[in-house]
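Notes for the one structure printed next.
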Amino acid sequence: MKKSLLLIGLLSSVSFAQQQKDYTKQVDSLMQLMTIEEKIGQTVQFSGGWDVTGPTVSDVNEDLVKQGQIGSFLNLVTAKATKDIQKLAVEGTRLGIPLLIGYDVIHGYKTIFPINLGLSSSWNPQLVQLTAEKAAEEAAAEGIHWTFSPMVDIARDPRWGRISEGSGEDVYLGKKMAEAYVRGYQGDDLSLPTTIAACMKHYIGYGAALAGRDYNTVDMGDNELRNTYLPPFKAGIDAGARTLMTSFNVINDVPASGNKYTLKDILRDEWGFEGLVVSDYTSINEMIPHGYAADGKDAAQKSFSATLDMDMMGDLYRSYLKELIEEGALSIELLDDSVRRILTLKFELGLFEDPYRYSDLDREAETIYRSDILEAAVEAARQSIVLLQNNKAVLPLKTSNIALIGPLADDQSSIIGDWAAKGDRKGKAISVQEGLSELLQLPNLKAVQGTKIETSDSSGFKAALKAAKKAEAIVMVLGEDSNMSGEAASRSSINLPGNQSDLLAEIRKHNPNKPLVLVLMNGRPLDITAEVKNADAVLEAWFPGTMGGQAIAEIIYGKTNPSAKLAISFPVNVGQVPVFYSNKTTGRPMNPKNPKGDYRSFYQDIPNKPLFSFGYGLSYSKFEYSNVTLDKKVENGVEVLDFSVSVKNTSKIDGYEIVQLYIQDVAASITRPAKELKGFEKVWIKAGEEQTVRFKLTREDLGFWNQGEFKVEAGTFKFNIAPNSDADLTNSFTLE
Ligand code: GLC
């Protein structure tokens, strides 16, 4: 059948099918025309080489595209380049099946938002959803259909560089963030040229890498897998995520990219996920060095039979699937199932209706850096910066006679963090220096580096000390280089790199009574136990993105009231890792009143709480909590636990407060965490005003997995509603 007739046939039905969102007929009729080689071509993804995010197996091969042997590209961007490669597929192949183009749009595309660990510190799912919407608009304007985001790996080890890409240590916050990203990227209609398909990654357990070393082994019980690591993936899939990416790691002795239990039994059979599963970059090939596959053919067989649909950059499906099917080692039905999932996504994206819809030069020009997108970036930065300390209320600063010191004070590159897609590192981002200079109207405000991020050379200290001496207040911007977090960026030390801490100590020593503000830019929790003693105020800015310097300046001078709270605990030192609020009590819980006594679970040499706890963050406002209540009722036949609390802003400054509900299942058929976040609300409370904040839970919200079965058990529960996870659970109720 002539391609043109086929396409006309398809298109005439697609527009009708668009409303129905069911493409079964179109997919089936197309598949009836496809050869086995063309079907296998759909399972193949190559890198366009525009960015290298892993070892390159082979370059773009236009002949393979024309032969229909490639179904997808990653790392190939711009309206022009995507249109050119799409033309090859649509006009140069027998059936004209469009390519699917993916890219890592992790926290923005050109306009870069705070890193994801910063975004989750906003505790504002609506805002995070907005950042994903805006990122999707910019990416889709440059020809991208699909982002390899959100990364929803629960992580509790700051030595792991990719902790920067996720939403922190907590299951509930992680679920809410996963939902927000998926809704933001995909919107209500994937076929619009402003929405892109989301990809839940990295499935599964990647954040639990042994010793925080990237790609390292992961081993955990099935209960831990189901109660901690799987829920954010299920939340994203329930929110409609169309795709999922497998992880590099072994999970319980079997590589995640060939793991039948997690991919087929849980994802496909238990959850009924019918979306596209893509490998991580050559993760199928890596089953050979993992010691799980004898060779490429064996690896291809193991991944494909586990229902992994698309081979990212491994070139193994293209090489072996036909042979494996002909030998009977794989069934043609399995291939049809995968191809059906891939083609369905392409129909949903509208690529058959208009393969060039996303590659529009005019829309590209009018979308990138659009003012509403930049505004979303500055608001996201404002709401992601955590005020950790404000001794003597030095913030907001009163004086504009400041010394601005530190290797990141005028940085415009690291400020946008790792995985910054097509973000500009050469001047687009607003540095702290620019932000302060603009806000203070001090065009000559210059930063004094004092030192580099990673050096032992202290020759720059002198100039910094000189600048500090002349000023009435000191702002120091210290931290990490953006390439010290992200992929393959594990660090054995979580101290400030180089001699930055020495510089801070020197500045403090010579200016003991001068207000000293420490601004941190980093991609992981750091050991700042020493640093907090050498600063009056500490702002955790993460890598705040394109508009970060403006947001930091606004907070320092009180134009913005800081509202973020930590999504990850800050350990006292690396020896305390992993430390997280929702740990188990043990049989000998540490006695806070006598933490180092009578054979309890503690370290002899450090305080046994984190330096800063999950959910902690200060504001310029002051909030008082009172009147915590629980009303057990039945609504529409469902038992509802209706919690409430009164929160009063006793200050003279309007501000956000993140109100948190923590619960403990006191005794259950398996041990449960000492505390679990089960609800949060970010509320704006005007100065002097009081608000009642409510949380409604059902029995389901109190359940847990045990030996593959989800259970809700009667019994006693403790709870509290508080500003952070340090709160004691002083209230209780019984579930019948
Ligand atoms: C990388 C990362 C993954 C990313 C993919 C494509 O290795 O692990 O997060 O989406 O390759 O760049």
Side-chain angles (χ1 to χ4, degrees), residues 44-58 60 72-77 100-109 115-117 132 135-136 139 144-155 160-167 178 181-182 185 196-209 212-216 218 232-233 236 241-251 255-257 275-287 289-290 303 308-315 417-423 482-483 485-490 523:
V44 177
Q45 182 184 65
F46 272 9
S47 173
W50 263 244
D51 277 18
V52 176
T53 54
T56 302
V57 169
S58 57
V60 173
S72 173
F73 275 96
L74 75 150
N75 298 337
L76 193 155
V77 297
L100 177 63
I101 295 173
Y103 193 63
D104 291 285
V105 185
I106 309 296
H107 53 104
Y109 178 69
I115 57 170
N116 307 86
L117 195 54
I144 291 160
H145 312 134
W146 176 28
T147 179
F148 306 125
S149 176
M151 186 274 221
V152 297
D153 303 313
I154 295 290
W160 190 53
R162 304 200 77 167
I163 202 165
S164 62
E165 302 172 45
S167 294
Y181 284 110
V182 171
Y185 290 131
I196 56 179
C199 181
M200 308 298 295
K201 75 181 186 183
H202 304 81
Y203 189 82
I204 182 64
Y206 189 30
R213 186 153 47 85
D214 205 0
Y215 316 123
N216 206 1
V218 173
F233 285 88
R242 293 295 198 281
T243 77
L244 176 139
M245 180 188 292
T246 59
S247 54
F248 290 117
N249 58 284
V250 159
I251 172 81
S257 299
L276 184 165
V277 174
V278 64
S279 74
D280 202 339
Y281 203 110
T282 65
S283 64
I284 299 173
N285 314 54
E286 291 163 23
M287 295 204 290
H290 268 305
S303 285
L308 195 161
D309 301 310
M310 186 178 278
D311 171 5
M312 179 189 284
M313 272 309 288
D315 210 14
D418 192 56
W419 284 110
K422 285 297 166 200
S482 57
N483 64 28
S485 53
E487 187 173 353
S490 296

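All values below were derived from every heavy atom in this structure, side-chain atoms included, with hydrogens, water molecules and symmetry-related copies excluded. Each ligand, and each atom within it, is numbered from 1 in the order the structure gives.
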Do [X] and [Y] have side chains that get closer than 4.5 Å, going by heavy atoms?
| X | Y | value |
| --- | --- | --- |
| Ile106 | Asn116 | yes |
| Met245 | Ser279 | no |
| Tyr103 | Ile196 | no |

Quiz prompt | Within-cut-off N or O pair, Arg162 and ligand 1, under 3.5 Å | solution =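 Between Arg162 and ligand 1 (N or O atoms, distance only) the closest approach is under 3.5 Å.
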Exercise. Looking only at distances, please establish whether an N/O atom of ligand 1 is found under 3.5 Å from an N/O atom of Trp419.
Key: no
Atom indices of ligand 1 within 4.0 angstrom of [X] heavy atoms, with elements:
| X | answer |
| --- | --- |
| Leu74 | 6 (C), 12 (O) |
| Phe148 | 10 (O) |
| Lys201 | 3 (C), 4 (C), 9 (O), 10 (O) |
| His202 | 3 (C), 8 (O), 9 (O) |

Self-check item: Candidate with minimal heavy-atom separation from atom 2 (C) of ligand 1, of Met245, Gln45, Glu487
Solution: Glu487
Exercise. Could you name the option among Asp104, Val278, Thr147 that has the heavy atom nearest to atom 10 (O) of ligand 1?
Key: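 Minimum heavy-atom distance to atom 10 (O) of ligand 1 goes to Asp104.
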Measuring from atom [atom1] of [X] to atom [atom2] of [Y], what distance do you get when rounded to the nearest 0.5 angstrom?
| X | Y | atom1 | atom2 | result |
| --- | --- | --- | --- | --- |
| Asp280 | Glu286 | CG | CD | 7.5 Å |
| Met310 | Thr243 | CE | OG1 | 9.5 Å |
| Tyr215 | Trp160 | OH | CH2 | 10.5 Å |

Exercise. Specify side chain, backbone, both or neither for Met313, according to which of its non-hydrogen atoms lie closer than 4.0 Å to ligand 1.
Key: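 Under 4.0 Å from ligand 1, Met313 contributes no heavy atoms.
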Practice problem: Give the contacting part of Met151 toward ligand 1: side chain, backbone, both or neither, where contact means a heavy-atom distance below 4.0 Å. | Solution: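 No part of Met151 comes within reach of ligand 1.
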Exercise. Look at the rings of His202 and Tyr206 and say which category their plane angle falls in: under 30° parallel, 30 to 60° tilted, over 60° perpendicular.
Key: perpendicular
Quiz item: For ligand 1, is Phe248 a contact, meaning one of its heavy atoms is under 4.0 Å away?
Solution: yes
Quiz item: So, Tyr281 versus Gln45: side-chain donor-acceptor pair below 3.5 Å or not?
Solution: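 No, Gln45 and Tyr281 have no side-chain donor paired with an acceptor closer than 3.5 Å.
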